[in-house]
Amino acid sequence: VQIPVESIEEIIKKRGSLTIESDIATATLDTKTLETIVANANKDSEIIIRVDENKTKEVNAKQTATIKKLNVSMLIKAEVFVDNEKVSDFKGGKVKVVIPFTPETGSKLSDYVIVYIQDNGKVEVLDTSVVSNGLAVVLEHFSDYAIVKKTVVDSVVDEINKETETETETEKDEEPESPKTGNTSNYA
């Protein structure tokens with residue numbers, strides 16, 4: 001959805017929240033979230049709010065490795081742009097997202113949970129509610145999320161998060177190498 005900033009300002013004054021419905025999700029942005037978005041905008045700014053199924057898997061290598069381990073049922077990318085600049089942190093604002101979802105045969109909605117997949121591949125399990133046609137979650141920022149079976153989450157999330165912490169500590173410990181230029185002179 002693309003919305004002019006003055007329309008969002010009017011919504012804040014009259015309603016306080018904005019609900020956007022699509023085939024993929026229904027997102028309700030509270031007043032604080034809308035105010036944060038408007039604070040990043042100019043008078044003539046265009047605001048784009050997007051919650052899509054991420055079928056093309058537009059994620060980095062660490063996230064891809066995590067997605068494979070989680071056996072993700074559905075990958076979701078949620079984004080807000082103000083003049084092509086991404087706004088991720090809602091500074092205390094909240095967005096309720098309801099995702100219509102049909103469980104695989106033999107499973108029920110309560111067998112699934114929504115997780116946040118951080119850039120470093122770490123997984124945060126979110127408080128997920130079952131609603132009549134899918135799953136609901138309250139978000140404090142937009143990013144990459146996935147619907148995963150609880151049994152998978154229970155069996156691999158601790159291992160994934162331990163691996164990402166170990167990798168992050170290893171990366172911090174490594175000294176950056178000087179480029180191999182062939183020059184052995186020592187200049188300051």
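Hydrogens, waters and symmetry mates play no part in the numbers below; they use all other heavy atoms, side chains included.
- Of all non-hydrogen atoms in Ala25 and Val51, the two that sit nearest each other are CB-CG1, 3.7 Å.
- Hydrophobic clustering places Phe90 together with Val82 (ILVMFWY residues linked when any side-chain heavy atoms are closer than 4.5 Å, directly or through intermediates).
- The shortest heavy-atom contact between Ile48 and Arg50 is CG2-NH2, 3.8 Å.
- Side chain of Thr31 to main chain of Gly16: a donor-acceptor pair is present (N/O by atom type, distance under 3.5 Å, no hydrogens or angles).
- Around atom NZ of Lys69, more than 12 heavy atoms belonging to other residues, nucleotides or ligands sit under 6.0 Å away.
- In this structure, CD1 on Ile147 lies 4.5 Å from CD1 on Ile99, to the nearest 0.5 angstrom.
- In this structure, Asn133 and Val98 have side chains that are in contact, with non-hydrogen atoms separated by less than 4.5 Å.
- Judged as a salt bridge (Lys or Arg N to Asp or Glu O under 4.0 Å), the pairs with a partner in residues 113-137 (not counting sequence neighbours) are, in order, Lys122-Glu165.
- The line from CD of Glu79 to CG of Asp52 is 7.5 Å long, rounded to the nearest 0.5 Å.
- Looking only at side-chain heavy atoms (C-beta outward), Leu135 and Val137 stay at 4.5 Å or farther from each other.
- Side chain of Glu53 to backbone of Met74: no donor-acceptor contact under 3.5 angstrom is found.
- Distance check, rounded to the nearest 0.5 Å: CZ of Phe142 to NZ of Lys86 gives 11.5 Å.
- Listed here is the closest heavy atom pair of Ser132 and Leu109: O-CD1, 4.3 Å.
- The line from CG of Leu139 to OH of Tyr116 is 10.5 Å long, rounded to the nearest 0.5 Å.
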Run the side-chain contact (heavy atoms from CB on, under 4.5 Å) check on Val157 and Leu70 step by step: do they pass? CA-CA 8 Å; Val157 166; Leu70 289 172; 4.1 Å; yes
Using the side-chain contact (heavy atoms from CB on, under 4.5 Å) rule, take Leu34 and Leu18 through it: C-alpha gap first, then chi angles, then the decisive distance, then the call. CA-CA 8 Å; Leu34 294 173; Leu18 170 66; 4.0 Å; yes
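- Within the structure, the salt bridge (Lys or Arg N to Asp or Glu O under 4.0 Å) test picks out the following pairs touching residues 128-157 (sequence neighbours left out): Lys77-Asp144, Lys94-Glu140, Glu104-Lys149.
- Of all heavy-atom pairs spanning Ile24 and Pro100, the tightest one is O-CD, 3.2 Å.
- Distance check, rounded to the nearest 0.5 Å: OG of Ser129 to CD1 of Ile114 gives 9.0 Å.
- Here the CD1 atom belonging to Ile37 is positioned 5.0 Å from the CD1 atom belonging to Ile49, to the nearest 0.5 angstrom.
- Taking the side chain as every heavy atom from C-beta outward, Val123 and Val153 never approach each other to under 4.5 Å.
- Asp30 is not listed as a side-chain neighbour of Thr28, based on a closest heavy-atom distance of 4.5 Å or more.
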Set out, in order, the CA-CA distance, both residues' side-chain angles and the distance that settles side-chain contact (heavy atoms from CB on, under 4.5 Å) for Asn40 and Ile47, then state yes or no. CA-CA 10 Å; Asn40 286 289; Ile47 297 165; over 6 Å; no
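- Residues Leu29 and Tyr145 are members of one and the same hydrophobic cluster, defined by side-chain heavy-atom contacts under 4.5 angstrom among Ile, Leu, Val, Met, Phe, Trp and Tyr.
- Here the closest non-hydrogen pair linking Ser107 and Pro103 is O-CB, 3.6 Å.
- When all heavy atoms of Gly92 and Lys32 are compared, the closest pair comes out as C-CG, 3.8 Å.
- Put simply, the side chain of Asn42 never gets that close to the backbone of Asp44: no donor and acceptor are under 3.5 Å apart.
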Residues 1-9, side-chain donor-acceptor partners within the protein, below 3.5 Å, at least two apart:
residue, atom, partner, partner atom, Å
Gln2, NE2, Glu46, OE1, 3.3
Glu9, OE1, Lys43, NZ, 3.4

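- Note: the hydrophobic cluster containing Val97 does not contain Val148 (ILVMFWY, side chain heavy atoms under 4.5 Å, direct or indirect links).
- Classified by interplanar angle (parallel below 30°, tilted 30° to 60°, perpendicular above 60°), the ring pair Phe101/Tyr112 is perpendicular.
- The hydrophobic clustering, which links ILVMFWY residues whose side-chain heavy atoms are closer than 4.5 Å, places Ile12 and Val80 together.
- Note: the hydrophobic cluster containing Val125 also contains Val72 (ILVMFWY, side chain heavy atoms under 4.5 Å, direct or indirect links).
- The closest donor-acceptor contact from the side chain of Glu163 to the backbone of Ile160 lies at 3.5 Å or more, if one exists at all.
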